Structures are given as structure tokens and as C-alpha cells.
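These notes are about the structure you will find just below.
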Amino acid sequence: VAGEYEYDVLVIGSGPGGYVAAIRASQLKLKAAVVERDKIGGVCLNIGCIPSKALIHQAEMFSHIKDLEAMGLKVDKSGFDYGVAFRKSRTAADRLSKGVAFLLKKNNVEVIVGTGRVAGPHEVVVEGAGAPRTVRAKNILIATGSRPREIPGFKIDEQRVLSSTGMLMMEKLPRSLLILGAGAIGAEFAYVMNAFGVQVHLVEMLPQVLPLEDSETAAVLAKDLAKRGVTIAVDTKAVAMAPRGADLEVTLEGKDGKRSTVAVEKILVAVGRAPNTENLGLEKVGVKLDRGFVTVGDYYQTAVPSVYAIGDVVPTPLLAHVASKEGEIAVEHMAGHKPPKKVDLQAIPSAVYTEPQVASFGPTEEKAKASGIKYKKSSFPYRGAGKAVAVEQVDGMVKILTDPATGEILAAHIVGSNATELIHEILLAKTAELLPADISTMIHAHPTLSEAVMEGMRAVEGWVIHV
Ligand SMILES: Cc1cc2nc3c(=O)[nH]c(=O)nc-3n(C[C@H](O)[C@H](O)[C@H](O)COP(=O)(O)OP(=O)(O)OC[C@H]3O[C@@H](n4cnc5c(N)ncnc54)[C@H](O)[C@@H]3O)c2cc1C
């Protein structure tokens, strides 16, 4: 580092954006440090992706009781303790947070405990336990992430009105739960709570469950959740809430203005996330914000060239893997490398870990239509794959959009068991500029769910075997 700076890069925030960026910086011989005010690993490891996936895993095992009972086993559920599932989710989170702390250490990334604030183009003031410390760095990377968004009338108290954080920290199941917002987080909690026997109402203001996903794949999930007993209301918003005995009575209003009420023990507000960009001194040093998100150009550089921003604080999809990739691009640019200018938005996989799972990349069919993109639609149902039948996972499909002129893969939308793993074969093909024929003619092991991907590509070419 040039004498006047302590670090080549100082990262504020140790989520999947910040910690990956710091380790990548260190690999590129940049001296890096991370400022963190809370637990290492950010939202994703501590109160996001990891504990939620741990709970989903517990829920999946719990739902297999039905299948065991179908074989004549009698399971005595009286000793069921949700606290065990909760504690397992905390063990997974803590283990990964410690693992990341170890990785930072191994890569010589210093962790500075405290709250960081940008005080100049190369200066961050850290307030921690002792006196405030001013750290000078050649580059600053803002990776401060996001927090749950609130809606008027539904103040989050984490007792009866919960955010995803309160939901993940809950040690006892409620009898009933109203979930506001049927995006990935709302849908995943609907699946988990329903599996554990909670009476779940899922309410979405937009016309479909998983509003960002293709309507055909989202409909398969909605139908399945409904079959499991989740009450779903789309085109509906919650307008008021009032205590009624031990419960909360919520007034819902449909698009047609019709009102109804539902009484529940708890409410989960899952209507989106707000970027953590307040009190960071950003505007004072000249960094531009737009509706709270940091405005960035190529390589995630802000209006102040030595200040970069990545992850949930920038207006790209709020996903852990997007944060990490953006972090890599930013520090590779700082190191003088020539990374891509930005993440290719058409090549970001999205994944919803309900059962069935939903995974996709590229435009939805609705989006392609609305933006005048010419496409050919092809699909293959899971029930056509022997493995899906063998493992009783026939609800699902692989849907592919291709360019009718060139055959190029534009988008894939998968709903069904293991969709979040299957999506990557198609995404690899797209990013490597392969064509459907490259997948349709490659030998896939039998029986696997991947054969549905192979058959999906044959559908594009018009020679499906198993339907
Ligand atoms: C319930 C839930 C489930 C999710 N599941 C998935 C999933 O399955 N897959 C997926 O891709 N994404 C998932 N996400 C989204 C994912 O968690 C975020 O996209 C990701 O964590 C963003 O990473 P980040 O590095 O930008 O910020 P964050 O993970 O939010 O980390 C930011 C860090 O910065 C720290 N910080 C903030 N301000 C300061 C400051 N001034 N000084 C010092 N430190 C500061 C915070 O304490 C925090 O540790 C989920 C989110 C939630 C809530």
C-alpha cells in the first residue's frame, strides 16, 4: 500500500458481498480489511439464506412423516419440538459465520469491529467499543446490505408482527400465520410453516405468487401450496390490523375493493427490503443515491471514483450470489484487472427453495412478450422423466425460451424437485454460448431429473422421446 493509506481496500459490511470481495482482494495482493458492526457473514449467513434453508430442510424431513405413515408406520408426534429445528438452523448459521471469520483470517483480511461511516473519498471513521478510529484506504467498498421493509399500519415489533429476522428467531410455532408478500421469502416461510402444521394465509398485492417468476412455473407452486392447505389471496392487500383477544384481526382488500378479515396469531411482513445507506456519510462525499440505492456505473464505481458499492445497496437483484459476483468485479477492477463491467442481468439464476422448487434465469414469458423479444417456447413435464416418477416428484416442468432465428437460449424456468440445482446446466450452456443441441445430444445418466433438462432441449428441436 502506498504510504498514505493503511489499506488498498476497506470494505464496509461482511455479508456475501463484502467478505467475498475482501478475500478476492487479498488473492489479488491487495491489502484488505472489513468493517462489521454485527456478525460476520451478514444477513445471508446469519438471518437469511442459510438459517432459512436449514429450516426448509427440517420441514422437508417432517413432511416425510406422511409418507412413512402411508407405509404403515405410526409416528407419535406428541414429542415434537420445533425448538430442535430452530436450534439446528442456528447451529448452521453460527458454523458458517465462524467459517467465514476463519477464511478472512486465513487470507490476511483484518476485521475491524464497529460501525463504519465514509468521511472522505479515502477515509472511513469506525465507531466501535473504544474511541472512533479513522482508517485511510485507497479504495472503499460499500457492502452494507439491506433490512426488511415495513408497510404502514403493520409496525414490526418482532413479537406478533414479525420480519424475516423475527421469523427465523422464533423458537415456538404459532397456531396461525398471515404472510404479507408472496415473493421468495414469503413463499419459503409459507412452505416451512405449513409443513410444521401452522395454519398459513399468504397474501400478495400483485396478481401471482412469486411475482418476479414466470407465471406458468409460479402457478405450479401456488397450486401445490394450496393443495397443502395454504390459503392464498393474490391481487389483495392488507389494509388494517387490530388486536382481537390473543389474535390479530387483519382487514384484507381485493382489487375489486371487496374487504374481508382474517384472525391470526402472528403476521410476517415480507414485502421487500430497504438498502442500508443512511448514516453512512455517502451524500456528503459526493456519492449519488436513488431511492436509497447507491447509483453505480461500470465496475460498481460510484460518482466518487475511489468509492465502490455492491450487493443489496445497489439496484440489482437482492441475492447473495449477485452480491458476491459484484464484489469480485469491483475489487478486480481496483487491482487493475479487466473484469466484465457488470453482472449480466440475463444470466443471474434465481432460486426459490419451496417444494416444488422454482429456479430461473432470463426474461419470463410475460416480460419477453411485453418487451417485444421474439421467442420460441418449449417445455417438458417432470412426469416424463422416469426418476421423477420413481421418487414421486411428478409436479414440475422445464420451460425454455429460445431465439427462433438463432436457436440461442434466452431463458429457462424450472419448477419441480431440485430445480435450483438443475438450472445451472442450462445457464452454463447459455453463458458458454452453446445451443440446445449441445444439451439434447449429450448423454445424461438414467434415471435422473437432469433428463428432463435434456428432453426440454429436445422439445426445442422437436424430437422429445418421453411424452
Ligand atoms: C430470510 C431471507 C432469506 C434469503 N434467502 C436467500 C437465498 O436463498 N439466496 C440468495 O441468494 N439470497 C437470499 N437472501 C438475500 C441475501 O441474504 C442478500 O441478498 C445478501 O445477504 C446481500 O448481501 P450483502 O453482502 O449485500 O449484504 P448483507 O448480507 O446484508 O450484509 C451487510 C453487512 O453489513 C453490515 N453493516 C451494515 N452497515 C454497516 C456499517 N455502517 N458499518 C459496519 N457494518 C455494517 C451489516 O451488519 C451486515 O453484516 C435472503 C434474505 C433473507 C432476509
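These numbers were taken from a predicted model, which means no experiment stands behind them. Note that these values count all heavy atoms, side chains included, but never hydrogens, waters or copies made by symmetry. Note that ligands are numbered from 1 as they come in the structure, with each ligand's atoms numbered from 1 the same way.
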Report the residues that fulfil side-chain hydrogen bond (donor to acceptor under 3.5 Å, both in side chains) with Lys342, sequence neighbours left out, ordered by chain and then residue number. Asp298

Does Arg147 come within less than 4.0 Å of Asp312, counting only side-chain N to carboxylate O? no

N/O donor-acceptor pairs under 3.5 Å from side chains in residues 219-227, not counting sequence neighbours:
from, atom 1, to, atom 2, distance (Å)
Asp224, OD1, Arg228, NE, 2.5
Asp224, OD1, Arg228, NH2, 3.2

Under a 4.0 Å heavy-atom cut-off, which residues neighbour ligand 1? Ile12, Gly13, Ser14, Gly15, Pro16, Gly17, Gly18, Val35, Glu36, Arg37, Asp38, Lys39, Gly42, Val43, Cys44, Ile47, Gly48, Cys49, Ser52, Lys53, Gly114, Thr115, Gly116, Ala143, Thr144, Gly145, Ser146, Ser164, Ile185, Arg273, Leu280, Gly311, Asp312, Leu318, Leu319, Ala320, His321, Ala323, Tyr353

Look at Glu265 together with Arg175 and state whether they make a salt bridge at an N to O cut-off of under 4.0 Å. yes

Just to verify, what does Arg136 make a salt bridge (charged side-chain N to carboxylate O under 4.0 Å, His left out) with, not counting sequence neighbours? Glu4, Glu123

Please say whether the positively charged group of Lys138, taken as NZ for Lys or CZ for Arg, lies over the ring of Tyr5, i.e. under 6.0 angstrom from the six-membered ring centre and within 45 degrees of the axis. no

